[in-house]
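Following: one structure in structure tokens, then a few remarks.
All values reported here derive from a predicted model rather than from experimental measurement. Lettering of chains follows the sequences in order, A, B, ..., and the numbering in each one begins at 1.
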There are 2 protein chains.
Amino acid sequence: MAVDQVFEALASRPRREILAYLSAQELTAGDIASRFEMTAPAISRHLSLLEAAGLVSSERRGQYVFYRLNQDSLVNTLTGFAFEICPAAGPLKRESRKLATRKGKA
Amino acid sequence: MAVDQVFEALASRPRREILAYLSAQELTAGDIASRFEMTAPAISRHLSLLEAAGLVSSERRGQYVFYRLNQDSLVNTLTGFAFEICPAAGPLKRESRKLATRKGKA
DNA sequence: TAGATAATTAACTAATACTTTAATTGCTTA
DNA sequence: TAAGCAATTAAAGTATTAGTTAATTATCTA
């Protein structure tokens with residue numbers, strides 16, 4: 001099950017920070033590495049893990065490898081799990097109401 | 001930040017299964033242990049970790065210690081993170097629509 | 001083609017996490 | 001108070017993870 005890999009991938013602050021960086025824009029492996037106090041190989045491993053979990057995708061363009069976030073994968077897994085554990089409770093419902101409202105306004 | 005502990009806690013299949021069991025009803029440590037092929041001390045450690053992360057609460061009643069799920073804590077953290085990474089995207093929005101619809105019907 | 005840059009893989013070390021058995025604590029009841 | 005069950009804590013071993021440096025692969029450019 002991919003859920004295992006996703007939660008494993010998320011159990012690391014630097015990996016979650018990488019996802020946050022990628023939420024704004026796609027970045028090269030080097031771009032990402034430069035944002036951390038860690039060597040490039042270490043970042044490369046984190047990226048492999050995130051990709052294996054299906055949370056990011058990579059594409060080589062010339063010398064560079066660009067990484068981008070797979071939003072759906074992340075959101076599907078997290079909300080899927082949240083709904084499994086507590087079907088329709090609390091803050092998520094509130095969030096949804098907010099979203100629904102915004103949609104109504106748009 | 002509690003987020004670290006929550007994601008750490010979720011990075012374990014048995015711990016996620018414990019949460020799933022607790023989503024239906026509160027259970028004693030022994031009840032939970034009996035559902036796994038693992039010794040009681042091992043389960044006890046998993047429970048401690050879940051409690052430290054704020055995902056469950058425990059209460060001793062006589063000989064027994066009852067555990068229950070802290071739904072809000074789980075949902076808050078997961079949706080908080082999901083929204084941080086992708087503000088209003090995809091399946092969560094769909095989920096919310098579904099919820100909003102159900103609410104309309106109720 | 002040779003040299004330089006980007007990125008990954010390999011090999012190794014250090015730190016963490018998981019599980020087990022054994023010992024301990026808390027509560028109940030005969 | 002002693003015996004017994006529930007649960008946790010302690011101690012110890014094993015395995016996994018995260019990080020480093022060194023070597024390798026891929027691409028670009030002079």
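- Under the rule for a ring-ring contact (aromatic ring centres under 6.0 Å, His included), the partners of A:F36 that lie at least two apart in sequence or sit in another chain are A:Y21.
- Under the rule for a salt bridge (charged side-chain N to carboxylate O under 4.0 Å, His left out), the partners of B:R16 that lie at least two apart in sequence or sit in another chain are A:D4.
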Its contact letters, B for base, S for sugar-phosphate only and - for none at protein heavy atoms under 4.0 Å, make nucleotides 14-21 of chain D read ----SSBB
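- Near-neighbour residues of DNA chain C inside residues 17-27 of chain A, defined by a heavy atom below 4.0 Å, are absent.
- Residues meeting the ring-ring contact (aromatic ring centres under 6.0 Å, His included) test with A:Y67, sequence neighbours left out: none.
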*Please report the C-alpha distance between A:L55 and A:T77 in whole Å, then the side-chain angles of each, then the deciding distance to 0.1 Å, and finally whether the side chain to side chain contact (heavy atoms under 4.5 Å, CB included) criterion is met.*
CA-CA 10 Å; A:L55 293 174; A:T77 304; 5.6 Å; no
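- The distance from the OG atom of B:S58 to the CG atom of B:L50 is 11.0 Å, given to the nearest 0.5 Å.
- When heavy atoms are screened at a 4.0 angstrom cut-off, B:Y67 is found touching the sugar-phosphate backbone but no base atom.
- Within the structure, the salt bridge (charged side-chain N to carboxylate O under 4.0 Å, His left out) test picks out no pair touching residues 40-53 of chain B (sequence neighbours left out).
- Under the side-chain contact (heavy atoms from CB on, under 4.5 Å) criterion, A:S57 pairs with A:R68, A:N70, sequence neighbours left out.
- Counting 5' to 3', DNA chain C first comes under 4.0 angstrom of a heavy atom of chain A and last does so at the ends given by C:dT5 to C:dT9.
- Scanning for side-chain contact (heavy atoms from CB on, under 4.5 Å) contacts around B:Y64 gives B:T28, B:F66, with sequence neighbours left out.
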Distances under 3.5 Å between nitrogen or oxygen atoms of protein and nucleotides 4-6 of chain D:
residue: D:dC5; atom: O2; partner: B:Q63; partner atom: NE2; Å: 2.8

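- Here A:I85 pairs with A:F81, B:L19, B:A20, B:S23, B:L69, B:L74 under the side-chain contact (heavy atoms from CB on, under 4.5 Å) rule; sequence neighbours left out.
- Contacts classified as salt bridge (charged side-chain N to carboxylate O under 4.0 Å, His left out) and involving residues 21-43 of chain B (residues at least two apart or in different chains) are given here: B:E26-B:R61.
- When all heavy atoms of B:L78 and A:A82 are compared, the pair lying nearest together is CD1-CB, 4.0 Å.
- Nearest heavy atoms, B:Q5 versus B:A53: O-CB, 3.6 Å.
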